[in-house]
Visitor: 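Dumping the structure here so I can ask a few things about it.
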Amino acid sequence: MCTVCGCAESGDQSHAHHHEHEHAHPHEHARAHSHAHPHTHSHAHPHSHEHEHEHEHDHAHAHAHAHSHEHVHGHVHSHDHGDHPGAAEPDASPHLDCGAGPAGVEVAGMSQRRLVEIETNILARNDAIAEGNRQRLEADGVLALNLVSSPGSGKTTLLVDTIRRLGAEGVAVIEGDQQTANDARRIRETGVPALQVNTGKGCHLDASMVERALPQVSPPGLGLLFIENVGNLVCPAGFDLGEDAKVVILSVTEGEDKPLKYPHMFAAASLMLLSKVDLAPHVDFDMDACEAYARRINPELEILRLSATSGEGMDAWLDWIDARREALRQRALSRARQHLAMLEQR
Ligand SMILES: Nc1nc2c(ncn2[C@@H]2O[C@H](COP(=O)(O)OP(=O)(O)OP(=O)(O)O)[C@@H](O)[C@H]2O)c(=O)[nH]1
Ligand SMILES: [Mg+2]
């Protein structure tokens with residue numbers, strides 16, 4: 001973990017989604033459990049300094065330091081390290097696997113055991129808050145979608161176009177970025193309330209940030225909440241925010257092997273949007289291969305191809321949201337029926 005970002009990106013679904021085991025209501029992304037946990041990743045990270053204030057001016061190169069500090073992106077469970085599910089063909093060429101230990105990550109000067117302990121604590125706290133968010137959102141009938149991707153894959157552009165098509169009523173957005181309020185401003189231009197969360201050196205939103213943001217961005221009649229996470233294909237994978245589903249966006253300019261290189265995100269997502277397909281003729285990107293890689297990581301991943309610019313695929317995306325909202329309604333209905341039946345039995 002970097003203690004700043006608290007990164008516990010790990011693909012450790014037993015943590016990231018443990019709520020799914022503990023609660024009666026089904027989450028469609030429970031399937032993330034169904035496969036083994038890839039643990040190949042590398043990560044450039046920010047870091048924690050007790051004397052943070054002393055060099056706040058330095059943030060622009062926060063990632064370039066080679067400090068030794070606490071951070072965990074690893075796994076807290078033991079698993080077979082020979083198993084790299086979803087990885088590309090085994091490569092016999094010499095390489096350094098720094099994620100092969102129980103923590104799934106190395107940090108100079110820290111034991112694997114300590115790393116595992118830190119990650120476990122952070123994720124347990126995060127998951128408890130996320131569960132509170134989820135219960136609150138579900139009780140209010142709000143569908144919350146957590147949009148995750150690398151920087152610039154088109155999250156905000158997609159949201160703006162989605163809102164224009166859906167209409168602004170009952171929609172709100174939480175925007176996560178390290179700095180600036182640019183994205184929240186873009187969203188507000190559509191007439192939808194948006195709250196910008198700046199994470200500073202942090203590289204993902206966590207459940208506590210969403211918990212604090214929610215009261216500020218909940219208009220009456222809220223039914224659909226988009227959370228645009230910090231652009232980062234690594235850390236946001238491990239942090240449950242209380243969302244109904246993670247939607248991973250991958251644009252055709254990024255290279256089709258991203259699901260293999262950054263498997264945790266694709267394992268955690270329920271839907272992959274292959275974005276900017278209007279650019280496909282101009283770039284060397286094999287969409288079929290990309291989808292096959294993504295399904296190798298997560299066989300149940302739903303995939304849609306779209307372009308906010310040309311409008312291609314937007315209807316299917318709106319239909320997907322609708323279906324998700326309907327599933328949420330059905331769950332609420334069935335909970336209400338159960339409750340009624342219980343009362344009648346008394
Ligand atoms: N051609 C094309 N360009 C797009 C599309 N969607 C977004 N873009 C462009 O991609 C760039 C990044 O778009 P954003 O919507 O800001 O991406 P983002 O994922 O929100 O970026 P961050 O919040 O910084 O991570 C902008 O220049 C957009 O105009 C698309 O469907 N087609
Ligand atoms: Mg954005």
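Predicted, not measured: the structure shown is a model, and the values here were computed from it. Each ligand, and each atom within it, is numbered from 1 in the order the structure gives.
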Visitor: Nearest protein heavy atom to atom 15 (O) of ligand 1, by residue and atom, and its distance?
Guide: Thr157 OG1, 2.5 Å

Visitor: May I ask you to list the atoms of ligand 1 that are less than 4.0 angstrom from any heavy atom of Asp177?
Guide: 23 (O)

Visitor: Side chains of Arg136 and Asn133: donor-acceptor distance under 3.5 Å anywhere?
Guide: no

Visitor: Scan side-chain atoms only and decide if Glu211 and Ser208 contain a donor-acceptor pair under the 3.5 Å cut-off.
Guide: no

Visitor: By the salt bridge (Lys or Arg N to Asp or Glu O under 4.0 Å) test, which pairs, at least two apart or in different chains, include something from residues 285-295?
Guide: Asp288-Arg305, Glu291-Arg305

Visitor: Can you find an N/O atom of Gly152 closer than 3.5 Å to an N/O atom of ligand 1?
Guide: yes

Visitor: Could you check if a side-chain atom of Leu250 sits within less than 4.5 angstrom of a side-chain atom of Tyr262, using non-hydrogen atoms only?
Guide: no

Visitor: Under 4.0 angstrom from ligand 1, any heavy atom of Glu175?
Guide: no

Visitor: Give me the residue, atom name and distance of the protein heavy atom closest to atom 10 (O) of ligand 1.
Guide: Lys276 NZ, 2.9 Å

Visitor: So, using salt bridge (Lys or Arg N to Asp or Glu O under 4.0 Å) as the criterion, who are the partners of Glu169 when residues are at least two apart?
Guide: none

Visitor: Would you say ligand 1 has an N or O under 3.5 Å from any N or O of Gly154?
Guide: yes

Visitor: Can you name the residues that form a salt bridge (Lys or Arg N to Asp or Glu O under 4.0 Å) with Arg212, not counting sequence neighbours?
Guide: none

Visitor: Tell me whether Ala308 reaches ligand 1 (any heavy atom closer than 4.0 angstrom to a ligand atom).
Guide: yes

Visitor: Applying a 4.0 Å heavy-atom criterion (strictly less than), which segment of Arg186 is in contact with ligand 1: side chain, backbone, both, or neither?
Guide: side chain

Visitor: What protein N/O/S atoms sit under 2.8 Å from the Mg ion (ligand 2), by chain and number?
Guide: Thr156 OG1, Asp183 OD2, Glu228 OE2

